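Excluded from the calculations below are hydrogen atoms, water molecules and symmetry mates; all remaining heavy atoms, backbone and side chain alike, are included. Everything numeric in this text was worked out from a predicted model, so none of it was measured.
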Amino acid sequence: MTEEEKGECAVLVAAANVHAGNVALDITSCIFEVMGARATASQYGFDRFWRNVRTHTLHNPAEFKQRNVGNWFVNGLAPEPGYYS
């Protein structure tokens with residue numbers, strides 16, 4: 001595998017990760033709009049889905065991945081391996 005192929009793969013994975021996080025946050029937030037205020041009652045536990053998604057997205061920050069994707073497409077720079085890549 002060439003360095004360019006590795007970079008392209010890393011960018012595709014980063015973009016998919018950002019998209020999945022955004023979709024998951026949107027869905028888990030909208031569930032309360034659809035189900036109404038009663039859905040926030042602790043007896044149902046729906047809040048844990050939003051909380052789990054939010055925690056995951058904070059542990060794996062989208063900002064770093066978006067920067068890598070942008071650098072790839074704008075500057076042709078492959079992501080450097082690091083803690084969040």
Where is the tightest heavy-atom contact between Ala39 and Met35, given as atom of each residue plus distance?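 That would be CB-CB, 3.5 Å.
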
Which atom of Pro79 lies closest to which atom of Gly7, heavy atoms considered: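 Nearest heavy atoms, Pro79 then Gly7: CD-O, 3.9 Å.
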
What residues form a side-chain hydrogen bond (donor to acceptor under 3.5 Å, both in side chains) with [X], not counting sequence neighbours?
X: Arg54; answer: Thr57
X: Asn71; answer: Asn75
X: Thr28; answer: none

Mind checking salt bridge (Lys or Arg N to Asp or Glu O under 4.0 Å) for Glu5 and listing every partner two or more places apart, or none if nothing turns up?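 Partners of Glu5 under the salt bridge (Lys or Arg N to Asp or Glu O under 4.0 Å) test: none.
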
Once salt bridge (Lys or Arg N to Asp or Glu O under 4.0 Å) is applied, do any residues pair with Arg51, and if so which ones, sequence neighbours excluded? Asp47

Output the rest of the hydrophobic cluster of Val13: all Ile, Leu, Val, Met, Phe, Trp and Tyr residues reachable through side-chain heavy-atom contacts under 4.5 Å, sorted by chain and number.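 None; Val13 is a cluster of one.
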
Could you work out, with side chain to side chain contact (heavy atoms under 4.5 Å, CB included) as the rule, every residue matching Ala14, not counting sequence neighbours?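 Side chain to side chain contact (heavy atoms under 4.5 Å, CB included) list for Ala14, sorted by chain: Lys65, Val69.
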
Enumerate the ring pair (Phe, Tyr, Trp, His ring centres under 6.0 Å) contacts for residues 18-44, please, sequence neighbours excluded, ordered by first and then second residue.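 Every pair satisfying ring pair (Phe, Tyr, Trp, His ring centres under 6.0 Å) with a residue in residues 18-44: Tyr44-Phe46.
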
Hey, what do you get for [atom1] ([X]) to [atom2] ([Y]), rounding to the nearest 0.5 Å?
X: Thr40; Y: Trp50; atom1: OG1; atom2: CH2; result: 13.0 Å
X: Asn52; Y: His56; atom1: CG; atom2: NE2; result: 10.5 Å
X: Leu12; Y: Asn17; atom1: CG; atom2: CG; result: 12.5 Å

When clusters are formed by joining ILVMFWY residues with side-chain heavy atoms under 4.5 Å apart, either directly or through shared neighbours, do Val53 and Val23 land in the same one?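 Not linked; separate clusters.
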
Is there side-chain contact between Val11 and Phe73, with at least one heavy-atom pair below 4.5 Å?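 Val11 reaches Phe73 side chain to side chain.
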
Write out all pairs satisfying salt bridge (Lys or Arg N to Asp or Glu O under 4.0 Å) with one or both partners inside residues 17-42, taking only residues at least two apart or from two chains. none

